[in-house]
S.K.: 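Here it is, the structure in full.
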Amino acid sequence: MTRLHFTLEATACGSRARAARFTTLHNEVLTPTFMPVGTHAAVRAQRREDLLESGAQVLLANTYHLLLRPGTGLFEQFGGIHRFMNWPRSVLTDSGGFQIFSLPGSRSLTEEGAEFRSYVDQTLVRLSPESSIAAQRAIGADIMMVLDQCVPSTVEHAEALRAMQLTHRWAARSLAARGDSPQSLFGIVQGASYADLRAASARAITELPFDGFAIGGLAVGEGRGEREDCTAIVTELLPQDRPRYLMGVGTPLDLLEAVHRGVDMFDCILPTALAKQGVAFTSLGRRDLRRAAYRTLEGPIDPTCRCTTCTNYSIAYLYHLNRVAETQGWQLLGLHNIHFYMGLMREMRRNILAGSWPAFYHAQREVLDARDSYGPPVRHVTKAQRQRLKLKLGRYEVVTDGDVGRIRDTLSGEVMHSVNDPMAEARSLYVEQSRLVERWAERLREPAMRQLVVWDVGLGAAANAMAAIHAVEALTAETDAPRDPLPARLSLVSFENDLDSLILALRHPAWFTHLRHAGPRRLLAEDHWSNPRARIDWRLLRGDFRQLKFVAPLPDIVFFDPFSFKTDSVLWSLDAFRELAQLFSETAVELFTYTYSTSVRAALLAAGFFVAKGRGTGPKAETTIGLSPRAAALPHGHDLLGAEWLGKWRRSDAQAPPGVAADDDSWRAAVAEHPQFRARP
Ligand SMILES: [Zn+2]
């Protein structure tokens, strides 16, 4: 008998979907269930009253963050997290493994445990299986997780094997450290995307008497198909009489697919993170409140939902709150999203128990992934019109200068890479300054290193992406492609919401010679292209960067090359940079951009980036490099702005970051007192 008194109530026919119940130290939990994420002992922008009302049965809290702040002493004083945050139901704590190992270069790893620098005060923190369990015991979690070594799902087999074996040894030590505590403990199955390792790990971990089993290391870079395959391999090998938890996953459709494959428990930040962007998950599919068509709509955002938001507020009001960046809009939409997730889990459970799962599953698959269809209809262009429009597509047109072509945005008049030979500028500002080729080569030599992830924000006509690809391919010897494809060492992720500029440029290879390559066409057709010989993997994420950045693997390098503030204002706002800084708070990231405007530099500084001078290009004497605090703490070789710039900024009449209201002064001290301007010893 385990500590959770688990009862399997039903398994759906033609599926592994199951309904079960178990009892923690605080309440009975009915599965399948979703656990809202309360990283710092709070779910972002949500009150406990609303979480209770949503039916949340378990909250997830984060050992790594709570260990650093407020520290375990405070939990001992309060007798645990339940009294500290006044939460009467269950709490699950993760072990800190995922956070430690998702930070490149910031930790050292031994058989004993991991060492890393606190992001709060830079002190050295040691985390071992024993100390992680001690922290989770002090926090008072109902369900604790073993410390594991979490590697990206794309690492090579040998590295995945080493991490898995270490995870197994740590699992046994964690179990011993739990001792006679009445708190439950889950083991974690690792093994990256390798079927043999996943199966071996499931067999090894289930040898140990854990109260439940988690599937870790997914949702970190693999595709949806790979994730679903790995999930199915593992759930087949897990015992029927213990709960199964898929860590960090995912969208409503991901949850449906994982329940279908036999998973019981989930956690994910998406319901609250996307609420901040104005995205709602509804019974009609995903709705994006930034679509102008919602501006005047009077009904609730989800006609079938009975949450506080949907019973009290119209979609037009939520649109307005989002438009003016009112915090309450984020809170109301997050509340609805959590209700939607909890309601979806209850519906899954009801259908499993009622024997109607197959019909429910097939119907929901169609709905959950649907995108909103409000807004102007797609314009249809006849063949004759297309002939005449050969130099124009959507809002873009080709302008030429001798044998160099460029793309011009007809709405703003702005021209991409206007100042120079476009490819020379792409090479100089983005590829050379970021030392991309050297860093790729380093990863070829050191297979244990995480792959180099580059975000290409604003694919445009693919000048920057192709400059990177050409530079790496030029160094690849003329050998045959490896027979068994090796994992990519450069992962290039391009973000674009309007592909017309690339489609248009591809029609004119005489002017856009960098596109004479198999990559761009394949990327357009399949959202993916790879070169196994050069170990490059290139993905296209279609849509809004402000949302998509949450689903992309965290980058080492960002090519930040969207249109300027006057055309694409939302990407250059202080809020947008604050979101990026938050996302990069634990990662070393270097961001390269073409502007050197005082207000954009002020926005980066106010958001928490360190800012350095970038190379000049054409008539511009300088460009700009933003460094996350972790990148700034490493030797980077960039020339940080100093007192001279600060003086110029003080005298400037463009001090404020783009888009900041005239009466908003909240950012000013963050610039004037930024640590990069403090005198160094
Ligand atoms: Zn609602």
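Both ligands and their constituent atoms are indexed starting at 1 by order of listing.
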S.K.: Indicate whether any N or O donor in one side chain lies under 3.5 Å from an N or O acceptor in the other, for T235 and R261.
M.R.: no
S.K.: Decide whether R3 and Q183 meet the rule of one side-chain donor and one side-chain acceptor closer than 3.5 Å.
M.R.: no
S.K.: Show, in sequence, the C-alpha distance, side-chain angles and deciding distance for E9 and R21, and conclude whether the salt bridge (Lys or Arg N to Asp or Glu O under 4.0 Å) test is met.
M.R.: CA-CA 7 Å; E9 296 170 273; R21 59 179 67 212; 3.1 Å; yes
S.K.: Taking the side chain from D211 and the backbone from L185, do they hold a donor-acceptor pair closer than 3.5 Å?
M.R.: yes
S.K.: With side chain to side chain donor-acceptor pair (under 3.5 Å) as the rule and sequence neighbours excluded, what pairs involving residues 571-585 come up?
M.R.: Q277-E579, R546-E579, K549-E579
S.K.: Count up the protein N, O or S atoms sitting under 2.8 Å from the Zn ion (ligand 1), would you?
M.R.: 4
S.K.: Salt bridge between R227 and D254, side-chain N to carboxylate O under 4.0 Å?
M.R.: yes
